[in-house]
2 protein chains.
Amino acid sequence: MTSTETERLTGANLLGGTEVPGTTGAFRAVNPATGATLEPEFHEADAATVARAATAAWAAFAEYRATDLTRRAAFLEGIATEIEHLGETLAQRVIAESGLPEARIRGEIGRTTGQLRLFAEVVREGSWTGARLDRPDPARTPLPKPDLRQRRIPVGPVAVFAASNFPLAFSVAGGDTASALAAGAPVVVKAHSSHPGTSELVARAVLAAVRAHGLPEGTFALVHGGVETGLALVRDPHIRAVGFTGSRQGGLALAAAAAARPVPIPVYAEMSSVNPVFVLPDALAERGASLGAEFVASLTTGVGQLCTSPGLVFLADGPGADEFVTAATEAIGAASGAPMLNKGIASSFAAGVERLTGTAGVRLAATGTAGATSCSGDPHLFVTTAERFRADRALQDEVFGPSSIIVRAADTAELLALAGELEGQLTATVHATAADREIARPLLGELELIAGRVLFDGWPTGVEVGHAVVHGGPFPATTAPATTSVGTLAIERFLRPVSYQNVPEELLADEIRVQNPLGIWRRVDGKVTRD
Amino acid sequence: MTSTETERLTGANLLGGTEVPGTTGAFRAVNPATGATLEPEFHEADAATVARAATAAWAAFAEYRATDLTRRAAFLEGIATEIEHLGETLAQRVIAESGLPEARIRGEIGRTTGQLRLFAEVVREGSWTGARLDRPDPARTPLPKPDLRQRRIPVGPVAVFAASNFPLAFSVAGGDTASALAAGAPVVVKAHSSHPGTSELVARAVLAAVRAHGLPEGTFALVHGGVETGLALVRDPHIRAVGFTGSRQGGLALAAAAAARPVPIPVYAEMSSVNPVFVLPDALAERGASLGAEFVASLTTGVGQLCTSPGLVFLADGPGADEFVTAATEAIGAASGAPMLNKGIASSFAAGVERLTGTAGVRLAATGTAGATSCSGDPHLFVTTAERFRADRALQDEVFGPSSIIVRAADTAELLALAGELEGQLTATVHATAADREIARPLLGELELIAGRVLFDGWPTGVEVGHAVVHGGPFPATTAPATTSVGTLAIERFLRPVSYQNVPEELLADEIRVQNPLGIWRRVDGKVTRD
């Protein structure tokens with residue numbers, strides 16, 4: 001960055017157009033690849049600042065939720081454009097704060113802007129409003145049938161907790177923010193302390209779009225801080241829902257705080273997942289060695305810091321099993337450590353692999369070359385038996401980073417039994433050939449009950465943003481299995497249905513007027529129609 | 001009932017085809033209108049019986065969720081037919097156990113069977129499966145676009161807690177059970193102890209349909225019991241969601257137990273609501289007296305034991321205000337007490353009106369004629385000022401029964417302010433003429449934020465079962481404001497989306513196959529289509 005660009009960063013909390021310098025908890029970002037401290041100094045938002053942001057969000061809510069769909073969509077597209085205008089300044093700051101490689105960051109910028117534009121399309125298409133009309137029948141006996149309309153309205157201001165591992169796509173203007181703004185909900189983001197500069201740059205882009213589209217200032221705010229700041233935000237009465245991506249501990253703490261409020265609110269927390277992979281016998285016999293190598297490539301992507309990293313592989317003894325293990329062992333041995341996102345993550349990872357290394361019945365098969373930095377996450381591969389795995393529930397716990405366990409079962413019956421004993425997951429993967437169908441079918445039946453996404457003959461890393469994706473799943477993968485944090489269905493998290501009975505036509509929103517002025521898909525007397 | 005029909009009741013817990021007599025907690029139903037004890041003796045299910053029912057439900061889940069839509073719909077219709085076959089036996093037992101008038105009970109039988117048939121239609125129509133297809137693009141760069149399909153699957157066995165106030169429509173085969181069975185979820189009902197005989201009759205009807213349609217026995221079970229039985233059910237690991245209608249205390253206790261499980265589950269609890277009614281100035285001037293009388297008619301329906309009973313009326317001083325209060329006062333004075341559903345409800349109601357009677361600044365305007373029985377709920381009407389109301393949060397607490405408070409405000413600005421300060425509600429009502437539009441519009445904007453259903457120029461009692469209704473709302477009306485417990489949208493409570501990535505066509509369910517063999521509405525590449 002040039003000095004001019006660096007100067008754009010003030011380290012302040014951004015409440016609409018107002019910059020509120022923090023008074024406590026000074027911190028700076030650290031480049032995990034070099035250990036260098038980055039300017040400027042940031043400050044945690046205190047309780048008063050959090051309250052001010054949430055109050056402003058509530059004040060903006062009435063006007064923002066009333067924006068018509070065209071204008072709201074243009075605003076989302078405006079955010080994408082503003083992010084693109086940040087250009088190299090943004091890319092370089094993300095790289096410096098995350099230690100992630102440039103290609104990944106450029107891809108993530110595209111994903112972030114693409115996501116915003118996708119939600120703009122969703123907003124315009126309009127069927128997310130869930131419009132339903134049950135036509136009246138005044139002549140019905142014994143009682144007249146009333147005129148009922150239903151639509152979904154936004155729940156109110158949403159608190160978004162940015163993730164460390166996607167400093168753009170799951171952060172300030174990431175999926176949670178995009179889906180909440182699309183729903184008509186103002187957003188207060190609690191920045192992740194690993195990338196405060198990235199957060200400020202993106203927040204300024206969002207605020208530029210807020211101004212350009214003439215929206216109320218409280219539509220968006222960014223606050224910095226740690227646990228106390230976050231809890232204050234979740235407890236604020238003006239906040240009506242929470243989006244979170246991070247650790248199980250963090251997600252559960254927020255969920256507990258939200259449940260303890262006088263008026264509880266939903267927390268959509270995407271937490272931990274070990275993303276089991278099942279390699280079925282014929283696939284194993286046919287391509288055991290290549291699958292072993294592909295597995296390690298998926299595992300080491302992003303230094304294993306992806307929510308969908310394959311942390312468990314299940315295979316039955318038989319042809320190809322040894323080849324899989326050997327190939328994976330070799331690939332891990334040939335891999336190198338790389339800087340993790342921050343020191344906390346690196347030391348948690350080190351503790352996790354140390355715990356596994358010391359676990360009875362679990363064999364350390366290979367480690368990669370140690371990385372040069374103190375933040376390095378060095379690849380680890382463990383092997384154990386199904387029997388050991390079933391006896392030790394802790395082997396299902398996520399070790400966030402490039403570590404995985406291969407679990408060797410006696411036969412396919414044991415594989416099926418293992419599938420039924422797993423905790424909730426974001427993903428579950430099956431490698432199978434046509435000859436494996438007889439096992440694949442019941443296995444799919446088990447895996448769809450524990451995972452948000454089931455995939456065949458691929459690897460779980462790499463989440464497609466679209467309409468049919470689910471990035472969610474049963475607890476502990478998330479606190480809200482009925483939804484997703486990636487893809488267009490995510491908008492539903494921040495909506496609530498309301499029914500209008502015999503309300504005069506001229507007081508109703510366009511989406512539920514008889515004439516369907518928006519031309520959207522609706523359900524009229526139970527039938528899907530655009531009429 | 002003839003003696004033969006009475007003999008059909010055994011007092012046992014019904015686990016599929018197995019009758020499990022209880023060992024503890026013997027109780028009998030009591031006719032609240034006469035105080036007479038009714039045969040036979042029932043017993044609470046102990047922990048082992050609850051576990052057996054939940055385990056059987058889980059065992060049935062795989063087969064039941066795989067039933068095709070036609071068969072599942074026919075099963076729901078079969079339940080309706082079996083309930084109709086119960087004929088007089090059922091009607092007389094409900095009347096004896098509830099003290100409710102015959103016309104109401106006959107209406108409720110129709111509502112219950114109608115509801116089951118409506119969900120059968122929903123099941124057949126199929127769009128509730130939420131099918132989405134994002135078509136693949138192997139040629140996309142830099143990465144091929146995967147084949148993604150999404151559908152909703154049932155979450156697993158559902159525990160349903162029957163309500164006292166709708167011994168059929170919100171009980172054993174009521175809305176929660178119908179929507180869960182429609183979703184493909186087995187159901188374990190915890191009967192309400194006010195109407196155990198009704199519960200057994202209806203459960204036998206459901207089980208007859210289970211057998212007639214060749215479904216696994218664990219698809220449905222009925223257990224009797226109190227708090228301990230209920231908590232054991234919610235804590236059972238095989239139970240995956242809870243439907244509840246009842247008191248705030250009860251709902252919150254179940255929600256806390258569900259949240260404290262190793263794997264938390266959602267509780268869809270419909271709890272308390274005071275259903276505020278706003279009478280705007282021109283409507284008040286035009287028809288104050290008749291509105292006052294209509295209000296009391298709504299309030300005393302079902303002895304005030306409806307979730308949507310109007311417990312608060314707000315009006316501004318001005319023409320018609322005194323007439324409204326006078327007419328309501330006279331109507332209450334002319335009304336009589338009638339037996340409430342059980343002694344517990346009657347004594348809670350007595351305590352509630354006693355509390356209000358002793359509240360400073362709250363005037364007891366009228367009471368109805370005292371009923372003859374010890375279970376009588378005698379109509380009460382209170383009047384207070386907006387100032388007093390705003391100073392005493394407890395005046396928003398539900399008093400379940402025929403009691404209501406008229407709150408007199410100085411002007412319409414105060415009415416609007418009051419609307420913004422109310423807790424979450426099932427319903428909010430506005431009486432307005434065209435001349436009231438200027439106030440009605442912002443008032444509607446406030447009320448849609450606090451209520452699940454907003455209605456104009458009617459009364460909140462009487463909930464239409466359809467596609468566009470919402471019987472839900474923000475806390476404390478419910479624990480799950482994003483849904484409804486009445487109407488077809490209720491099916492969504494027991495579903496969860498799953499995404500299938502590159503899964504071979506022949507392993508996928510019909511609803512997400514490319515050729516759309518079910519001919520249902522789906523979203524393909526983001527577009528709503530039947531192709």
Side-chain angles (χ1 to χ4, degrees), chain A residues 62 121 125 127 132-134 143 145-146 148-150 153 155-156 259 263-264 266 424 437 440-441 444-445 448-449 451-458 462 464 466-470 472 474-475 479 481-484 488-489 495-504 506-507 521 523 525-526 528, chain B residues 62 121 125 127 132-134 143 145-146 148-150 153 155-156 259 263-264 266 424 437 440-441 444-445 448-449 451-458 462 464 466-470 472 474-475 479 481-484 488-489 495-504 506-507 521 523 525-526 528:
Chain A
E121 275 175 42
E125 192 266 350
S127 63
R132 294 176 168 217
L133 288 78
D134 288 349
L143 291 170
K145 186 173 174 224
L148 280 168
R149 327 264 181 120
Q150 186 185 110
I153 66 170
V155 294
V263 177
R437 283 290 181 278
R441 192 178 296 276
L444 177 59
E448 67 185 354
L449 293 183
R453 178 167 57 110
V454 181
L455 59 151
F456 266 59
D457 299 322
E464 185 73 19
H467 303 282
V469 72
V470 172
F475 185 91
T479 52
T483 183
T484 175
T488 60
L489 195 73
L495 297 169
R496 176 174 77 75
V498 177
S499 183
Y500 302 82
Q501 182 173 327
N502 296 336
V503 174
E506 64 270 30
L507 293 180
W521 287 100
R523 191 176 292 273
D525 289 331
V528 175
Chain B
E121 275 176 41
E125 192 265 350
S127 63
R132 293 176 168 216
L133 289 77
D134 288 349
L143 291 171
K145 187 173 173 225
L148 280 169
R149 327 265 180 120
Q150 185 185 111
I153 65 170
V155 294
V263 177
R437 284 288 182 279
R441 192 178 294 275
L444 177 60
E448 66 185 355
L449 293 182
R453 178 166 57 108
V454 181
L455 58 150
F456 266 59
D457 299 322
E464 185 73 19
H467 304 281
V469 72
V470 172
F475 185 92
T479 52
T483 184
T484 175
T488 60
L489 194 73
L495 297 168
R496 175 175 76 77
V498 177
S499 182
Y500 302 83
Q501 181 172 327
N502 295 335
V503 173
E506 63 271 29
L507 293 180
W521 286 101
R523 191 175 292 272
D525 289 331
V528 175

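Note that the structure is a prediction, hence the values are computed from the model and not measured. So that the names make sense, note that chain A is the first sequence line, chain B the second, and so on, each numbered from 1.
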With a 4.5 Å cut-off on side-chain heavy atoms, are [Y] and [X] touching?
| X | Y | answer |
| --- | --- | --- |
| A:Leu507 | A:Tyr500 | no |
| A:Leu148 | A:Gln150 | no |
| A:Asp525 | A:Asp134 | yes |
| B:Val155 | A:Pro481 | no |

Side chain / backbone / both / neither for [X] at chain B, heavy atoms under 4.5 Å:
| X | result |
| --- | --- |
| A:Arg441 | both |
| A:Ala62 | neither |
| A:Leu143 | neither |
| A:Leu495 | backbone |
| A:Glu125 | side chain |
| A:Leu133 | backbone |
| A:Asn502 | both |

What part of B:Glu506 gets closer than 4.5 Å to chain A, counting heavy atoms only: side chain, backbone, both or neither?
both
Go through the atoms of B:Thr483 and report whether side chain, backbone, both or neither lie under 4.5 Å from a heavy atom of chain A.
backbone
Among A:Pro264, A:Ala440, A:Gly424, A:Gly458, which has the most heavy-atom pairs under 4.5 Å with chain B?
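Sorted descending by pairs with chain B, the first entry is A:Pro264.
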Heavy atoms only, distances under 4.5 angstrom: which of A:Glu121, A:Arg523, A:Arg149, A:Lys145 has the most pairs with chain B? Name it, please.
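Most heavy-atom pairs under 4.5 Å with chain B: A:Arg523.
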Any idea which heavy atoms bring [X] and [Y] closest together, and the distance?
| X | Y | value |
| --- | --- | --- |
| A:Val469 | A:Thr484 | O-OG1, 4.1 Å |
| A:Ser499 | B:Val470 | CB-N, 3.3 Å |
| A:Ser127 | A:Trp521 | CB-O, 3.9 Å |
| B:Gly452 | B:Pro474 | N-CD, 4.4 Å |

Between B:Ile153, B:Asp457, B:Leu449, B:Thr479, which has the largest tally of heavy atom pairs under 4.5 Å with chain A?
B:Leu449
Most contacts with chain A, counted as non-hydrogen pairs under 4.5 angstrom, among B:Ala451, B:Ala259, B:Gly466, B:Gly156
B:Ala451
Is there a donor-acceptor contact under 3.5 Å linking the side chains of B:Thr488 and A:Arg132?
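The answer is yes; a qualifying pair exists.
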